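Numbered from 1 within each chain, the chains take letters A, B, ... in sequence-line order. What you are looking at is a predicted structure, and each value in this text was computed from that prediction instead of being measured.
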Amino acid sequence: MLEIPAKDFSLQATLSSGQAFRWALLSGWYYGFIGPSVLKIRQVNGSLQYDTSDAALTPERIRHYLALDLDLADILRQVDVDMQVHQAIVHHRGLRVLRQDGWETLASFICASFNNIKRIEGMIERLCQAYGDPVALTPPPFAGPKGPAHRAESPLATAKGGGVNGFRGFSFPRPQTLAAASERRLRSLGLGYRAPYLKATARLIDEGKLRIDHLRCVEYDAAKTALLGCDGVGDKVADCVALFGFEKYEAFPIDVWIERAMRYYFRHKPMTRQRLHDYARQHFGPYAGYAQQYLYHDIRTAHATSVPC
DNA sequence: CGCCAGGTGCTGA
DNA sequence: TCAGCACATGGC
């Protein structure tokens, strides 16, 4: 069991706010992946406790993924410019924008279009089971005298005799794997009409026509333009990928929930998404993406009855 | 059953 | 440029 101090941070708000689709909450612990490394983590007051069987997953790597190096107080001070976002900040203080793998984020949000989060999670999990590699979180050398591992019910934790707590997951498929997948099989996983989009985008990367890792080093506009060249990637998905996968904090993804939240600023006047996007960027500034994530999470959790997590 | 979901691509004006 | 429409699927 290892520990990381984490000030001004909420693991639960961060992992359940719809930016990542592969974290499973089992008996108070979140199980998931950072890149190819499997991780078990929970927050106890101001401290993160975690376990991993991958030596490559250093505390620094975890801190980077969770964006604990950023000065959240400073960021929130910049975007706390009206009552609506102020309330969202009060409700979910500690929510941070993750630094996820770029390819995984791109593929995930292609699947996310015109879809709901429950089904997105299922689609991505089936995609990983079909095309990823099995990865187990192996038991620690000196397992305590705890009772038998609980039976997990999440699809992430199968009963196939995985490591500690029965956890066994699958790594995210590589681009070349999905580029070679058949559209029919992708459809059989429930991807629907997104199947050819995902395959085409995977092929674009596999053929070297989109150097995706390079997008981390370029400006927001250049990254977005490049992402828009992918099949199944429009304005909204490109912004999600830029924000969650490539640290472009100016990105302001507008989906149906954010569109609803934005009506607050325009007294329900009908506005195009382009207009809302322009307004949001000048209203919230260079960390507009943080404002967006707080607004998104707040409006969804306000609909408490129908929102999971 | 009908409606909704972290929309995109295509078409025709 | 922009409104209007089809698109797969499953949860509620």
Side-chain angles (χ1 to χ4, degrees), chain A residues 13-23 88 92 95 97-98 100 102 104-127 130 153-155 181-202 204 224-246 248-249 251-263 269-278 280 288-309:
Chain A
T14 299
L15 296 186
S16 70
S17 60
Q19 45 180 324
F21 301 108
R22 284 206 341 122
W23 288 98
H92 308 292
L95 192 169
V97 172
L98 296 168
Q100 302 183 68
E104 176 172 343
T105 307
L106 173 57
S108 296
F109 277 91
I110 286 174
C111 296
S113 76
F114 195 40
N115 208 342
N116 62 73
I117 288 183
K118 247 319 199 302
R119 192 158 80 97
I120 297 163
E121 290 171 346
M123 282 165 48
I124 293 174
E125 182 55 31
R126 288 190 294 278
L127 198 62
E153 288 166 19
S154 159
S182 77
E183 184 186 321
R184 188 173 303 278
R185 177 133 184 253
L186 290 173
R187 282 182 184 270
S188 80
L189 301 175
L191 297 203
Y193 61 86
R194 305 166 193 81
Y197 295 158
L198 182 59
K199 182 176 163 68
T201 294
L204 205 63
K224 184 165 181 179
T225 301
L227 290 167
L228 286 173
C230 300
D231 254 21
V233 177
D235 214 54
K236 188 268 175 183
V237 169
D239 274 329
C240 283
V241 178
L243 179 59
F244 305 135
F246 293 102
K248 311 305 179 200
Y249 300 115
F252 193 93
I254 299 178
D255 72 327
V256 295
W257 294 92
I258 283 294
E259 197 167 14
R260 274 169 212 154
M262 294 291 286
R263 288 179 192 154
K269 253 191 306 176
M271 304 296 266
T272 66
R273 288 197 171 185
Q274 180 58 56
R275 182 86 182 80
L276 295 175
H277 192 266
D278 293 344
Y290 259 87
Q292 182 276 156
Q293 198 57 16
Y294 273 82
L295 290 173
Y296 175 82
H297 191 49
D298 195 46
I299 193 171
R300 289 194 81 242
T301 51
H303 284 243
T305 54
S306 60
V307 177
C309 310

Parallel, tilted or perpendicular, as decided by the 30° and 60° cut-offs, for the rings of A/Y249 and A/Y290: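 Plane angle between 30° and 60°, so tilted.
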Touch class at under 4.0 angstrom, heavy-atom based, for A/Q293 against every strand present: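 A/Q293: base contact, heavy atoms under 4.0 Å.
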Sugar-phosphate only, base, or nothing, as touched by A/S17 at under 4.0 Å among non-hydrogen atoms: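 Base: the residue A/S17, judged by heavy atoms under 4.0 Å, touches a nucleobase.
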Without placing hydrogens or testing angles, list every side-chain donor-acceptor pair under 3.5 Å for residues 225-235 of chain A, not counting sequence neighbours.
from, atom 1, to, atom 2, distance (Å)
A/T225, OG1, A/D221, O, 2.8
A/D235, OD1, A/K224, NZ, 3.1

Interatomic distance where [atom1] belongs to [X] and [atom2] belongs to [N] [whole Å]:
X      : N      : atom1 : atom2 : answer
A/Q274 : C/dA3  : CD    : P     : 12 Å
A/F252 : B/dG7  : CZ    : P     : 15 Å
A/I254 : B/dG7  : CD1   : P     : 12 Å
A/D235 : C/dC2  : CG    : C1'   : 14 Å
A/K118 : C/dC12 : NZ    : C1'   : 11 Å
A/I258 : B/dG7  : CD1   : C1'   : 15 Å
A/D239 : B/dT8  : CG    : C1'   : 14 Å
A/M123 : B/dA5  : CE    : P     : 16 Å

Contact list (N/O, under 3.5 angstrom) for nucleotides 9-13 of chain B vs protein:
from, atom 1, to, atom 2, distance (Å)
B/dG9, OP1, A/G232, N, 2.8

Check ion pair A/E183-A/R187 (N to O, under 4.0 angstrom):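 The answer is yes: the pair qualifies as a salt bridge.
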Heavy-atom donor-acceptor pair, A/R126 side chain to A/E121 backbone, under 3.5 Å: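 Not confirmed, A/R126 side chain does not pair with A/E121 backbone.
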Protein proximity profile, nucleotides 5-10 of chain C - base contact B, sugar-phosphate-only contact S, no contact -, cut-off 4.0 Å on heavy atoms: --BBBB
Residue mapping more 5' on DNA chain B - nearest nucleotide basis, A/R260 or A/A238: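 The residue closer to the strand's 5' end, by nearest nucleotide, is A/R260.
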Nearest-angstrom distance, P atom, B/dG9 to C/dG10: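 One P to the other, the span is 23 Å.
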Separation of the P atoms in B/dT8 and C/dG11, to the nearest angstrom: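 So the two P atoms sit 23 Å from each other.
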A/Q19 vs A/S17, side chain to side chain donor-acceptor pair (under 3.5 Å): CA-CA, chis, key distance, verdict: CA-CA 6 Å; A/Q19 45 180 324; A/S17 60; 3.3 Å; yes
A/F109 and A/F21 aromatic centres sub-6.0 Å: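 Between A/F21 and A/F109, which both carry aromatic rings, the centre distance is below 6.0 Å.
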